[in-house]
Amino acid sequence: MKRALASFALAVALAGAQSALSLHLGGLPFALPLLPVVWAAVEAGLLEGLGVAVAAGYVLDLFSGGPRGLLVSLTVAAWLASRLARSSLSVRGALGFAALTGGATTLVGLGALLLARFTAAPGTAPAASLVGRVLLESLATAVAGLLLHPLLRRLERFVERQPEPGLLAR
Amino acid sequence: MIQLLKRYREMVVTAVALVVPLFVYFAHARHPGARTAVDRLVVSASRPVEWLVGKAITGAGIAWYDYLDLRHARGEARRLSSEVNRLAMDRMELRAVRAENDRLRSLLDFAPAAAGAPIVGARVVGVRLDPKGLQLLTVDRGSDQGLQRMMPVVAAQGVVGRIHSVLPGSADVLVLTDRNSSVAVRVERSRARANVRGSGDPTVARLDFALRADDFLEGDLLVTSGTDGVFPPGLPVGRIRGLRKGGQGLYQHAEVVPAADVTKVEEVLILAAPREEAAAARLGPP
């Protein structure tokens with residue numbers, strides 16, 4: 001619960017920060033609220049991580065301005081994929097985390113483009129040319145993941161579960 | 001059954017978290033609802049961070065340039081008096097103010113073209129050109145300043161977009177290049193009509209419903225026609241690029257390079273007449 005709340009607050013802050021960053025970087029797209037999701041996939045338990053994914057997905061949905069639900073579902077999918085990757089790859093270092101973040105961002109971006117094609121009004125379906133911008137977004141988010149890795153480690157120390165005292169402990 | 005659910009609890013919860021939002025999305029994809037009070041609260045909570053990061057970046061930029069200036073000034077100080085240094089700094093400040101003045105003046109020059117609507121000036125404080133969602137700019141004026149949804153937003157170069165959602169102190173602008181944005185236009189030269197629809201790429205839009213028989217040329221300036229009920233007529237929208245006529249079909253196709261670069265725009269004007277009033281003004285007296 002503490003992790004989900006902290007991650008939600010962080011996702012909201014990151015969403016605000018990415019808006020200001022984009023303004024000064026010529027409209028460069030980011031998906032910074034995905035950082036706590038990938039982090040939770042690496043560090044947190046299943047239900048805790050799922051809570052983080054749903055919370056961050058809500059923030060992404062809210063700030064993307066599109067219809068609700070799409071990015072929540074895709075963020076949960078990205079979190080699941082990151083958990084699977086965690087079990088087979090070494091992703092605990094900053095570089096591994098950045099690579100996983102880039103992969104998760106690509107998954108969410110391409111998934112959103114694909115699903116939006118089924119629901120878009122005639123003439124408004126996303127064009128294939130937007131794949132380039134999704135890849136750019138993934139790269140930018142991965143670089144941000146690399147830079148924010150120390151912050152997330154610090155946050156982990158704040159939210160990590162304290163061992164409960166046993167019967168013999170006071 | 002309950003035993004089974006308990007046994008596979010985590011798997012069930014994960015599946016629910018994956019599937020339920022998708023159902024919600026497919027149910028509401030064509031008719032997205034308005035923001036709830038919780039949504040507005042969350043968006044408002046992000047604004048101070050947005051403001052703080054923006055100020056930090058601007059401050060860091062100023063500090064960096066000041067540092068460069070100071071390094072340069074240190075060399076000069078050996079030769080010149082401190083008074084000259086101070087004047088040089090003043091001059092730099094004045095130059096920055098003059099550049100800002102020029103931008104604002106060109107905005108004001110542009111204002112009379114906006115059909116006499118009350119005008120609210122605003123600064124762009126955030127950009128969200130997200131390929132997954134809507135393409136939005138955040139401006140520092142909102143419902144407190146009388147802004148409402150659908151109000152046209154313009155810059156000195158031309159149309160930027162329209163207001164998409166409003167909070168008390170800020171508003172989101174759906175830019176011209178968003179996939180869901182469509183503006184009715186005319187060719188300034190030939191008066192031929194068409195629509196400009198966003199592509200999702202912030203640097204380019206596309207020309208829709210341009211009849212084959214109509215007079216369109218490469219490089220033609222497109223201006224708003226005023227027939228969409230949002231934008232007053234005569235505002236620059238963009239220029240035609242890559243015009244092509246297929247062997248058959250009703251329409252010709254082209255890209256449109258927006259007149260206002262949404263990735264660089266810093267100040268905008270919002271034509272703040274309420275929609276009914278604006279529409280009545282365009283229709284003229286009964």
Side-chain angles (χ1 to χ4, degrees), chain A residues 9 12-24 26-31 46-47 50 53-54 57-74 76-77 80 108-109 111-113 115-116 118-121 123-127 129-134 136-137, chain B residues 10 13-14 17-33 35 39 42-43 45-58 61 124-134 136-138 164-165 172 174 179-180 182 197-202 208 262-264:
Chain A
V12 172
L14 288 173
Q18 82 176 23
S19 172
L21 267 178
S22 278
L23 174 66
H24 290 89
L28 186 67
F30 290 97
L46 197 133
L47 287 180
L50 185 60
V54 170
Y58 164 74
V59 173
L60 275 171
D61 249 348
L62 187 59
F63 281 82
S64 79
R68 295 300 154 74
L70 175 65
L71 293 179
V72 175
S73 186
L74 287 170
V76 172
L80 260 181
V108 172
L113 291 191
L115 288 172
F118 291 115
T119 55
T124 65
S129 60
L130 287 181
V131 171
R133 271 191 77 74
V134 167
L136 182 66
E137 180 185 49
Chain B
E10 292 180 336
V13 173
T14 307
L18 259 176
V19 174
V20 170
L22 263 190
F23 275 115
V24 173
Y25 170 69
F26 280 111
H28 298 282
R30 292 278 177 97
H31 309 285
R35 278 178 176 168
D39 295 345
V42 173
V43 174
S46 77
R47 293 292 187 243
V49 180
E50 193 174 335
W51 180 84
L52 207 66
V53 172
K55 286 283 172 202
I57 294 171
T58 313
V124 177
V125 292
V127 172
R128 301 205 296 279
L129 302 176
D130 184 352
K132 301 183 295 294
L134 301 184
L136 303 166
L137 303 181
T138 307
H164 174 68
S165 62
D172 284 340
L174 186 77
R179 290 187 286 113
N180 302 286
S182 178
R197 182 176 282 284
S199 64
D201 180 338
D208 262 4
V262 295
T263 65
K264 295 197 176 93

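Chain letters run A, B, ... following the sequence lines, proteins first, then strands; residues in each count from 1.
Of the listed residues (Pro48(B), Ala17(B), Gly54(B)), the greatest number of heavy-atom pairs within a distance under 4.5 Å of chain A belongs to Ala17(B). The residue among Glu10(B), Arg179(B), Arg197(B), Lys264(B) with the most heavy atom pairs within less than 4.5 Å of chain A is Arg179(B). For the set Val53(B), Thr58(B), Leu134(B), the count of heavy-atom pairs under 4.5 angstrom toward chain A peaks at Leu134(B). In terms of heavy-atom pairs under 4.5 Å with chain A, the best-connected choice from Ser46(B), Ala45(B), Gly133(B) is Ser46(B).
For Val124(B), the parts sitting under 4.5 Å from any heavy atom of chain A are the backbone and the side chain alike. For Val131(A), no part lies under 4.5 angstrom from a heavy atom of chain B. For Val54(A), the part lying under 4.5 angstrom from a heavy atom of chain B is the side chain only. Proximity to chain A (any heavy atom under 4.5 Å) is restricted, for Ser199(B), to the backbone atoms N, CA, C and O. Both the backbone and the side chain of Phe63(A) come within contact range of chain B, judged by heavy atoms closer than 4.5 Å. Of the atoms belonging to Leu14(A), not a single heavy atom falls under 4.5 Å from chain B. For chain B, the nearby part of Ala112(A) is the side chain; its heavy atoms alone come within less than 4.5 Å. With a threshold of 4.5 angstrom between heavy atoms, Ile57(B) approaches chain A through side-chain atoms but not through N, CA, C or O. Interface remark: Leu70(A) contributes backbone and side-chain atoms alike to the contact with chain B (heavy atom separation under 4.5 Å). Using a 4.5 Å cut-off between heavy atoms, Ala17(A) contacts chain B through both its backbone and its side chain. Using a 4.5 Å cut-off between heavy atoms, Leu62(A) contacts chain B through both its backbone and its side chain. For Leu74(A), no part lies under 4.5 angstrom from a heavy atom of chain B. With a 4.5 angstrom heavy-atom cutoff, Leu22(B) touches chain A via backbone and side-chain atoms both.
Nearest heavy atom pair, residue Ala15(A) against residue Val59(A), reads CB-CG1, 4.0 Å. Nearest heavy atom pair, residue Val72(A) against residue Pro21(B), reads CG1-CG, 3.6 Å. Between Lys132(B) and Ala31(A), the shortest heavy-atom distance links the atoms NZ-CB, 3.8 Å. Contact between Pro29(A) and Leu136(A) at its shortest, heavy atoms only, is CD-CD2, 3.9 Å. Pairing each heavy atom of Ser64(A) with each of Asp130(B), the nearest pair is CB-OD2, 3.8 Å. Between Pro202(B) and Thr263(B) the shortest heavy-atom distance is CB-CG2, 3.9 Å.
The salt bridge (Lys or Arg N to Asp or Glu O under 4.0 Å) check on Asp39(B) picks up Arg68(A), with sequence neighbours excluded. In this structure Arg133(A) satisfies the salt bridge (Lys or Arg N to Asp or Glu O under 4.0 Å) test with no other residue, sequence neighbours excluded.
Under the 3.5 Å distance criterion, with hydrogens and angles disregarded, a donor-acceptor pair is assigned to the side chains of Tyr25(B) and Thr119(A).
Residues Arg47(B) and Thr138(B) are in side-chain contact: their nearest non-hydrogen atoms beyond the backbone lie under 4.5 Å apart. In this structure, the side chains of Asp172(B) and Leu137(B) stay at 4.5 Å or more apart for every pair of heavy atoms.
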